2 protein chains.
Amino acid sequence: MEENKHVTIYDIAERLNLATSTISRALKDHHTISDKTIKKVKKTAEEMGFVPNTLAAGLRGNKTRTIGVLIPTVTQPFLSSLISGIEITAQKSDYTVIIMQSHDSYEEEVNMAKSLYSNRVSGVICSLAMETRDTAHFHQFSNNNIPLVFVDRVPKGYNTFRVVIDNYTAGYKATKHLIEQGCIRIAHFTAGSELGNLYNERKRGYIEALKDHNIEVEEELIINLNSVTYEDGVKASNALFDLKPIPDGLFAPGDILAVSAVQTAKKRGVKVPEEFKVIGFNNDPISQIIDPNLSTITHPAEKMGKAAADIIIKNLKSSKNDDDAKEITFLNTEVLARESSQK
Amino acid sequence: MEENKHVTIYDIAERLNLATSTISRALKDHHTISDKTIKKVKKTAEEMGFVPNTLAAGLRGNKTRTIGVLIPTVTQPFLSSLISGIEITAQKSDYTVIIMQSHDSYEEEVNMAKSLYSNRVSGVICSLAMETRDTAHFHQFSNNNIPLVFVDRVPKGYNTFRVVIDNYTAGYKATKHLIEQGCIRIAHFTAGSELGNLYNERKRGYIEALKDHNIEVEEELIINLNSVTYEDGVKASNALFDLKPIPDGLFAPGDILAVSAVQTAKKRGVKVPEEFKVIGFNNDPISQIIDPNLSTITHPAEKMGKAAADIIIKNLKSSKNDDDAKEITFLNTEVLARESSQK
DNA sequence: TATTTTTACGCAACCGATTGCAATCATTGT
DNA sequence: ACAATGATTGCAATCGGTTGCGTAAAAATA
């Protein structure tokens, strides 16, 4: 196992009796370099096993062709699909992706943002941690002209790019769907989070849909969860089924919650969808596994990732000092009617 | 939106009338720097919003405190949990994680390996792409003393660190479990892959378990899949149920496959587990969602990630020229008996 | 043939943190 | 009071590409 020192452009230059500047330019097909030289350099570089040192280039040029991704976790289907989308698009333009997980912790998010900045990423894509209440730690990007795109869980009142779905409309659609399936007492699970206001938006849609169909909004049918987990979903579901007449429908703003409700219903002898119709959110893989199959709202994760990466890359290309307002991209969602909400 | 130039140690040095070397040392609590100076420097650095430039440090020191992770995809539960484990451990030691997806393509794997090397990662953790047949593209790491750990899908005959489960034993256990539950004609799904020999190993365990219990190995019960996907699982399952007397059990080397079998069984009126018992592999989330709950083999993804990261970090710390044989770490698996294999 | 224009390449500074070695200052011993 | 020892800090090279500017050589034009 020989201890190969890294091969540098200096090594190539020495071998060919050329200047490093020539090597550097030849490797990038610079027009001032003759074709002969370019071929010769590339051939030699290949032979010597030259691999450019990204650090050196990044240091000098102050651009790393790296996109930093800061998300709560990679283990949620939605987020791993998001990454997948980012990665596919990034790769096409020869960008590298650094992924960091905040684990929904504000402190970690702050640290990792600093770390990304420290690594001089060219752009940042972020979905906020649940805990996050302020966005000061993102100013370092904005202030240094590093494109910043928030996805899905985006902050209010911060002029950056955003890629989202219309959570209000989606919530409205979901609820309307249940109404159309005959539900008249529809429950809703929600979760608090001031900055990433998506649950509030879905709830708004839910309420508005009820009102539009002359259905009374009952506070006891709206349950606030601490966390969007299976366990909390089970608790909330049990609370629902403890009600005197149980509700006949549920709009859960997440498939895990919806699944927990379906399974709890089964355990308690409540028939889905006959006595209790459910619609979830996200179209996670589990929605097609559970019996009955779960109706849900599509959430174009991969598409969102691609869109976010596209924005970063396009922005980097034009490299204009975009001081103007940052666009907000809305992606479409749809009701996916399956068995759990069948009339 | 002021255009803050990055603050460097030069800026701090100028402000305090000190040398950059002093600043650099003060920031890392070097013992030759007085406490006063250290405090002063840190305070000023904080005030000025100094964030160290990782690139510069990495270039100079030729170490980046970055772990490169090269895996087929992040969207599989097993792999995203693996990442999670890597990330948790890395973060504790202040390492950054770069994730790249090969999408099971050999060509992409080669490119991304080069990219990781180009980024001068301090260590690499890899789970091979399905397509990969040789490992030449990993020599650049071995040759340059960059610790390399293969996880789960590991190459044969390559002296590097490996973190795996004992797939043979796991396959044996799974099959034995079905036998103990009364199965006498057990089918098996398998998939070809020469380098990452895990399916072959599981199959070996399956066959050995049958032999040990005097059960004939029937070739028609062993179905070779092109890919480990739901769709291929459905095809294979239908093939099984087309047999004159259908088998009474199935060991599927992946929960997706097992789920596809259970659902296909339902569709065709085959009762699980009464007429057909199933055990999967991985303990993916879906195994607890499907009805009946899926018996499976635990696969300690997060633990494997932690172990792999630990190896990298430990190796980097000792920084000995470990020319000796690389250890192989076996993690434990267990049968998780749930409803789908109930006697 | 003399001169202008191209073409092709070299020189050297630069990015920002790190580090071996030299230098300066303060403190203690004699 | 002076040398010696130790505590602090400064100097300058270094890592490996990148790039503005300068120049020599070749080609084009007068």
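Below, chains carry the letters A, B, ... as their sequence lines are ordered, and counting in each starts from 1. Being a predicted model, the structure only gives us computed values, none of them experimental. Heavy-atom basis, side chains included; hydrogens, waters and symmetry copies ignored.
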So if I take every side-chain heavy atom of [X] and compare against [options], which nucleotide ends up nearest?
X: B:N53; options: C:dT19, C:dA8, C:dA17; result: C:dA17
X: B:T22; options: D:dT19, D:dG16, D:dT9; result: D:dT9
X: B:S21; options: C:dG16, D:dT9, D:dA12; result: D:dA12
X: A:S24; options: D:dG17, C:dG10, C:dT18; result: D:dG17

Just checking, is any N or O donor in the side chain of [X] or [Y] under 3.5 Å from an acceptor N or O on the other one?
X: A:T37; Y: A:S34; value: yes
X: A:T132; Y: A:E109; value: yes
X: B:S80; Y: A:S80; value: no
X: A:Q91; Y: B:Q101; value: no

(message) With nearest nucleotide decided by heavy atoms, which residue, A:T32 or A:Y10, maps closer to the 5′ end of DNA chain C?
(response)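 Whichever sits nearer the 5' end wins; that is A:T32.
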Under 4.0 Å between any heavy atoms, over every strand shown, what does [X] touch: base, sugar-phosphate, or nothing? Just pick one.
X: A:D35; result: nothing
X: B:I23; result: nothing
X: A:T54; result: nothing

Taking donor-acceptor contacts at under 3.5 Å, does the side chain of [X] reach the base of [N]?
X: A:R25; N: C:dG10; result: yes
X: A:T8; N: D:dC15; result: no
X: B:R60; N: D:dG17; result: no
X: A:S34; N: C:dC9; result: no

In whole angstrom, what separates [X]'s [atom1] from [N]'s [atom2]?
X: A:R65; N: D:dT18; atom1: CZ; atom2: P; value: 12 Å
X: A:I33; N: C:dG10; atom1: CD1; atom2: P; value: 8 Å
X: A:I12; N: D:dG17; atom1: CD1; atom2: P; value: 8 Å
X: A:F50; N: D:dG17; atom1: CZ; atom2: C1'; value: 8 Å
X: B:N62; N: D:dG16; atom1: CG; atom2: P; value: 7 Å
X: B:K36; N: C:dC25; atom1: NZ; atom2: P; value: 15 Å
X: A:K28; N: D:dG17; atom1: NZ; atom2: P; value: 12 Å
X: A:E14; N: C:dG10; atom1: CD; atom2: C1'; value: 16 Å

(request) Look at the side chain of B:T22 and the backbone N and O of B:T20, then say whether any donor-acceptor pair between them is shorter than 3.5 Å. (result)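 Pair absent, no side-chain N/O of B:T22 close to backbone of B:T20.
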(message) By nearest heavy atom, map A:G61 and B:I38 onto DNA chain D; which one lands nearer the 5' end?
(response)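 That would be B:I38.
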(message) Ring of A:Y95, cation from A:R65 - is the NZ or CZ under 6.0 Å from the centre and inside 45° of the axis?
(response)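 Yes, A:R65 lies over the aromatic ring of A:Y95.
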